[in-house]
**Student:** 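Below you will find the structure I want to go over with you.
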Amino acid sequence: MRASQFFIATLKEAPSDAEVVSHKLMMRAGMIKRLSAGVYTYMPMGLRVINKVAAIVREEMNRAGAIELSMPVVQPADLWQETGRFEKMGPEMLRIKDRHDRDFVLQPTSEEVVTDIARQDFKSYKQLPKNLYQIQTKFRDERRPRFGLMRGREFVMKDAYSFDRDPAAAQASYQTMAKAYRAAFDRFGLRYRAVAADSGAIGGDLSEEFQVIAATGEDAIIYCPTSDYAANIEKAEALAPQGTRPAASQPLAKVPTPGKSVCADVAQLLQVPLATTVKSLVLATDEVDEHGAIVKSQVWLLMLRGDHDMNEVKVGKLPGFEKGFRFATEAEVVEHFGTKPGYLGPLNLKQPVRIVADREVAIMADWICGANEADFHITGVNWGRDLPEPELVADLRNVVEGDSSPDGKGVLAIERGIEIGHIFYLGTKYSKAMNATFLDEGGKPQFFEMGCYGIGITRLPAAAIEQNHDDKGIIWPAAIAPFEVVIVPMGYAKSADVKAATDKLYAELQAAGVDVILDDRDERPGSMFADWELIGVPHRLVVGERGLKEGKIEYKARTDAEASLLDAGAVVAHVQGLLGR
RNA sequence: CGGGGCGUAGCGCAGCCCGGUAGCGCGCCUGCUUUGGGAGCAGGAUGUCGCAGGUUCGAAUCCUGCCGCCCCGACCA
């Protein structure tokens, strides 16, 4: 490719609406162009990257035995009504009507359509297992699209769906995908981690996320440096604390804590460790009738140590919380506690609430909590003596750095990640809803055991940039760079020697199968260098009269501080070596 | 959806309070000079000032409504 015939649209300044580094750099490098909130044109330079990501994913999916197809972006509503998701998906699913006023949706995912295919075409157990995938445009009308390709409304996803005859076979299909994902992610050239994830209603451990490590990631990843344990913070279990509750040693005392409503302030004021305080979170669960109207509400008090945070996923699994929960309203808080939030505690309640204690809190003695009176806390609180034992003791909190690893092989560390892939075992959720069956050996219909597997194709380049950039621009891993090598001639139009050497090198690299771009724009050197560093091409060759006199061509990796000189005749072999060919 | 902010040239911004010829930098075009780290000089092109209505002799500027976009919180590839 010659730069003069390509589309290079770099900017010195990033548009002001770009906030994160990947968004800014993709805009500046001319890789994407915003059309509407969360909707982007993939410009030629950006599309090359996306296509390389897709090609790697496609190869690894094919290698793993998955079969590519392409399902419609516009899908009829009736299929979505079969699974109830036409209602359940809510406003995140974009709905449209055709000229006959019939409902359609823009696919946010494709379980319904693929299950419809399976029930029509996979009639016998002999046809199983099957894994169907597509690399397709998705649309999700996010509440808040942001960060460019990181959270777009329109994006490209590889979505695969496996169909098996029984759970054991489905788990084998899942493991095949787990392996294929590792193979693909290894090829991207990014630092990533496969972490255990919350698997929702299905249960079990068959859900993993593939997280690209980046300080700006939206997810917290828990891992154990001395073992292979890794999990999303939503999922990571806080082990039951060792030891038993010490005996009470302090009397109950009400202490003034004016203006100190958060645990950290109270601990500081009273000169005690934060871990001796207990925070009270007031939640509510609602019983609703068939019209969705609230019939009855239950108020709960969740108690966590002052230095711990509530884990909403764990709380959502508590008995009584499965159907959803919310923070209590201020009116509910006042009704039950007699005061507004800030100084709440389990003592001197106005109305009974149901108390759930975190496992850490349950073994504490002589702790501090709010007095249910503004500007006062109570110290020396003890279970059993001052209040009844909690109704329920459970793991309610996020793990923190230094906690023991659930596998018992060390202590946990935390880093941040960007979720690029997610695989999980679905069971018969969709096959049952859509009555999708095949005939087993006995001629009896059985529901398909399903799994689904996603990779955010257009999110991946953004994650790659978040992880790999410097003050000059993007640093692509070679596998997904828009071009592997750029040739930058000095005075291409002026010097016959430079032009001849450059054209020869360009032809040789092309013949060697290298994805090379020749910058024949004849710009000034500084702006060419700046452009390619911004765009992030991993290898740069500079051809100039200066070097040619010595028979040399200059090489610089994007990550090198200084350029080095190569013998002109050895350049192609050198580049092939760098690219591992 | 709740809270905050912004819409003026392709991009970054000033002008708005206090109404009176629409500006600056980058980019773009032409010419000359330059040519190993975002060149210099000279000349030039580009605007429904987000949209609609109102006030006024006169609106980018004041008023009303609408639209779009971004940021912060609950979700997800």
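Letters A, B, ... are given to chains in the order of the sequence lines, protein chains preceding strands, and every chain is numbered from 1.
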**Student:** Quickly work out the A:Phe185 CZ to B:A77 P distance and round it to whole Å.
**Tutor:** 12 Å
**Student:** Round to the nearest Å and state the distance from A:Met26 atom CE to B:C11 atom P.
**Tutor:**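 Between P of B:C11 and CE of A:Met26: 18 Å.
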**Student:** Output the single nucleotide from B:U35, B:G38, B:A77 whose closest atom is nearest the side chain of A:Lys494.
**Tutor:**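 Among the listed nucleotides, the one closest to the side chain of A:Lys494 is B:U35.
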**Student:** Please measure how far the C1' atom in B:G65 lies from the corresponding atom in B:G20, and state the result in whole Å.
**Tutor:**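 These two C1' atoms come out 27 Å apart once rounded.
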**Student:** Do the side chains of A:Glu209 and A:Lys235 get close enough for a salt bridge, i.e. N-O under 4.0 angstrom?
**Tutor:**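 Looking at A:Lys235 together with A:Glu209, the answer is no, because their closest N to O distance does not fall below 4.0 Å.
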**Student:** Quantified in whole Å, what is the C1' atom distance between nucleotide B:C71 and nucleotide B:C24?
**Tutor:** 27 Å
**Student:** Does A:Arg151 get its side chain close enough to the base of B:C76, under 3.5 Å, for a donor-acceptor pair?
**Tutor:** yes
**Student:** Classify A:Val156 by what it touches in the nucleic acid, base, sugar-phosphate, or nothing, heavy-atom distance under 4.0 Å.
**Tutor:** nothing
**Student:** Describe the nucleic acid contact of A:Ala37 in one word from base, sugar-phosphate, nothing, applying a heavy-atom distance below 4.0 Å.
**Tutor:** sugar-phosphate
**Student:** Rounded to whole angstrom, note down the C1' distance from B:A14 over to B:C26.
**Tutor:**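 Straight-line distance between the two C1' atoms is 15 Å.
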**Student:** A:His422 or A:Leu11: which one's nearest nucleotide on RNA chain B is closer to the 5' end?
**Tutor:**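 Final value for this comparison: A:Leu11.
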**Student:** Is the shortest side-chain N/O distance from A:Arg143 to OP1 or OP2 of B:A74 below 4.0 Å?
**Tutor:** no
**Student:** Can you tell me the pairing partner of B:A14 across any strand shown, Watson-Crick or G-U wobble, with both distances under 3.5 angstrom?
**Tutor:** none
**Student:** Under 3.5 Å for both donor-acceptor distances, Watson-Crick or wobble: does B:G37 have a partner, and if so which one?
**Tutor:** none
**Student:** Looking at A:Glu533 and B:G37, is any side-chain donor or acceptor paired with a base atom of the opposite kind under 3.5 Å?
**Tutor:** yes
**Student:** What's the gap between B:G2 and B:U8 when it is taken at their C1' atoms, as a whole Å value?
**Tutor:**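 Approximately 30 Å lies between the C1' atom of B:G2 and that of B:U8.
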**Student:** With a 4.0 Å cut-off on heavy atoms, is A:Gly454 in touch with a base, just the backbone sugar-phosphate, or nothing at all?
**Tutor:** nothing
**Student:** Is any side-chain heavy atom of A:Phe185 closer than 4.5 Å to a side-chain heavy atom of A:Ile420?
**Tutor:**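 A:Phe185 vs A:Ile420: side chains touch.
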**Student:** Could you go through the side chain to side chain contact (heavy atoms under 4.5 Å, CB included) check for A:Tyr555 and A:Val485 one step at a time?
**Tutor:** CA-CA 10 Å; A:Tyr555 167 78; A:Val485 176; over 6 Å; no
**Student:** To the nearest Å, give me how far apart CZ (A:Phe7) and P (B:G10) are.
**Tutor:**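 In whole Å, B:G10 P and A:Phe7 CZ are 15 Å from each other.
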**Student:** Over how many whole Å does the gap from A:Glu523 atom CD to B:G27 atom C1' extend?
**Tutor:**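 After rounding, the gap between these two atoms is 11 Å.
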**Student:** Across all strands, who's sitting opposite B:C6 as a Watson-Crick or G-U wobble pair, both distances under 3.5 Å?
**Tutor:**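 Here B:C6 is engaged in a pair, and the nucleotide opposite it is B:G68.
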**Student:** Should the side chain of A:Arg28 and the base of B:G38 be counted as holding a donor-acceptor pair, with the cut-off at 3.5 Å?
**Tutor:** yes
**Student:** According to the Watson-Crick and G-U wobble definitions, with both distances under 3.5 Å, which nucleotide is paired to B:G58?
**Tutor:**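 Base partner found: none.
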**Student:** Is any side-chain N or O of A:Lys12 closer than 4.0 Å to OP1 or OP2 of B:G12?
**Tutor:** no
**Student:** With rounding to the closest Å, how many angstrom separate the C1' atoms on B:U64 and B:U55?
**Tutor:**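 Result for the C1' pair: 11 Å, nearest Å.
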**Student:** Compute the centroid of each ring, for A:Phe325 and then for A:Trp300, and state whether the two points are separated by less than 6.0 Å.
**Tutor:** no
**Student:** Does a nitrogen or oxygen in the side chain of A:Ser16 sit under 4.0 Å from OP1 or OP2 of B:C6?
**Tutor:** no
**Student:** Are A:Phe483 and A:Phe6, when compared by the centres of their aromatic rings, separated by less than 6.0 Å?
**Tutor:**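 Yes, close enough.
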**Student:** Pick base, sugar-phosphate or nothing for A:Asp219, based on heavy-atom distances below 4.0 Å to the nucleic acid.
**Tutor:**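 Touches a base.
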**Student:** Within this structure, what is the CD-to-P distance between A:Glu554 and B:G37, rounded to whole angstrom?
**Tutor:**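 Atom CD in A:Glu554 sits about 11 Å away from atom P in B:G37.
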**Student:** Distance check, P atoms only: B:A9 and B:G15, in whole angstrom units.
**Tutor:**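 My reading of the P atoms in B:A9 and B:G15 gives 15 Å.
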**Student:** Check the pair A:Glu218, A:Arg146 against salt bridge (Lys or Arg N to Asp or Glu O under 4.0 Å), reporting the backbone distance first and the verdict last.
**Tutor:** CA-CA 12 Å; A:Glu218 293 186 278; A:Arg146 54 180 155 172; 3.6 Å; yes
**Student:** Does A:Gly65 offer a backbone N or O that forms a donor-acceptor pair with the side chain of A:Asn62 under 3.5 Å?
**Tutor:** no
**Student:** For A:Asp159, report the nucleic acid contact type (base, sugar-phosphate, nothing); a contact means any heavy atom under 4.0 Å.
**Tutor:**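 Answer is nothing: A:Asp159 stays at 4.0 Å or more from every strand.
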**Student:** If only side-chain N and O atoms of A:Ser36 are considered, is one of them under 4.0 Å from the OP1 or OP2 phosphate oxygen of B:C69?
**Tutor:** yes
**Student:** Of the listed nucleotides (B:G38, B:A77, B:C72), which one gets closest to any side-chain atom of A:Arg146?
**Tutor:** B:C72
**Student:** Quick one: label A:Gly148 by what it contacts on the DNA or RNA (base, sugar-phosphate, nothing), any heavy atom closer than 4.0 Å.
**Tutor:** nothing
**Student:** Within this structure, what is the CE-to-P distance between A:Met490 and B:G38, rounded to whole angstrom?
**Tutor:** 12 Å
**Student:** Cation over ring, A:Arg95 on A:Phe86, under 6.0 Å and within 45°?
**Tutor:** yes
**Student:** Have a look at A:Arg140 and say if it touches a base, only the backbone sugar-phosphate, or nothing, with a 4.0 Å heavy-atom cut-off.
**Tutor:**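 Contact class for A:Arg140: base.
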**Student:** Please compare A:Arg144 and A:Val542 by the position of their nearest nucleotide in RNA chain B and report the one closer to 5'.
**Tutor:**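 Result of the comparison: A:Val542.
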**Student:** Between the base of B:G36 and the ring of A:Phe529 - centre-to-centre under 5.5 Å, planes within under 30° - is that a stack?
**Tutor:**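 Given the distance and angle limits, no, they do not stack.
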**Student:** Do A:Lys429 and A:Glu111 meet the salt-bridge criterion of a basic N to acidic O distance under 4.0 Å?
**Tutor:** no
**Student:** Would you kindly give the CG-to-P distance between A:Leu190 and B:A77, to the nearest whole Å?
**Tutor:**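 It works out to 19 Å between those atoms.
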**Student:** Report which part of the nucleic acid A:Lys158 touches: base, sugar-phosphate, or nothing (heavy-atom distance under 4.0 Å, all strands).
**Tutor:** nothing
**Student:** Could you measure between the two P atoms, the one in B:G4 and the one in B:C76, and give it in whole Å?
**Tutor:** 27 Å
**Student:** Measure distances between side-chain N and O atoms of A:Glu13 and base N and O atoms of B:G10, and say whether any donor-acceptor pair falls under 3.5 Å.
**Tutor:** no
**Student:** Please work out if A:Arg540 contacts a base, only the sugar-phosphate, or nothing of the nucleic acid, heavy-atom cut-off 4.0 Å.
**Tutor:**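 Base contact - A:Arg540 has a heavy atom under 4.0 Å of at least one base atom.
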**Student:** Once you apply a heavy-atom cut-off of 4.0 Å, does A:Ala18 come out as touching a base, just sugar-phosphate, or nothing?
**Tutor:**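 The answer is nothing, as A:Ala18 stays clear of every strand by at least 4.0 Å.
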**Student:** Using atom CD of A:Glu419 as one end and atom C1' of B:C75 as the other, report the distance to the nearest whole Å.
**Tutor:**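 So the CD-C1' distance, A:Glu419 to B:C75, works out to 11 Å.
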**Student:** Look through every strand shown and name the nucleotide pairing with B:G19 as Watson-Crick or G-U wobble, where both distances are under 3.5 Å.
**Tutor:** none
**Student:** Need the pair for B:U30. Rule: Watson-Crick or G-U wobble, both distances under 3.5 Å, any strand; none if unpaired.
**Tutor:** B:A42
**Student:** Could you measure between the two P atoms, the one in B:G31 and the one in B:G25, and give it in whole Å?
**Tutor:** 22 Å
**Student:** Can a side chain N or O of A:Arg524 be found less than 4.0 Å away from OP1 or OP2 on B:A39?
**Tutor:**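 So the side chain of A:Arg524 is within the cut-off, an N or O lying under 4.0 Å from OP1 or OP2 of B:A39.
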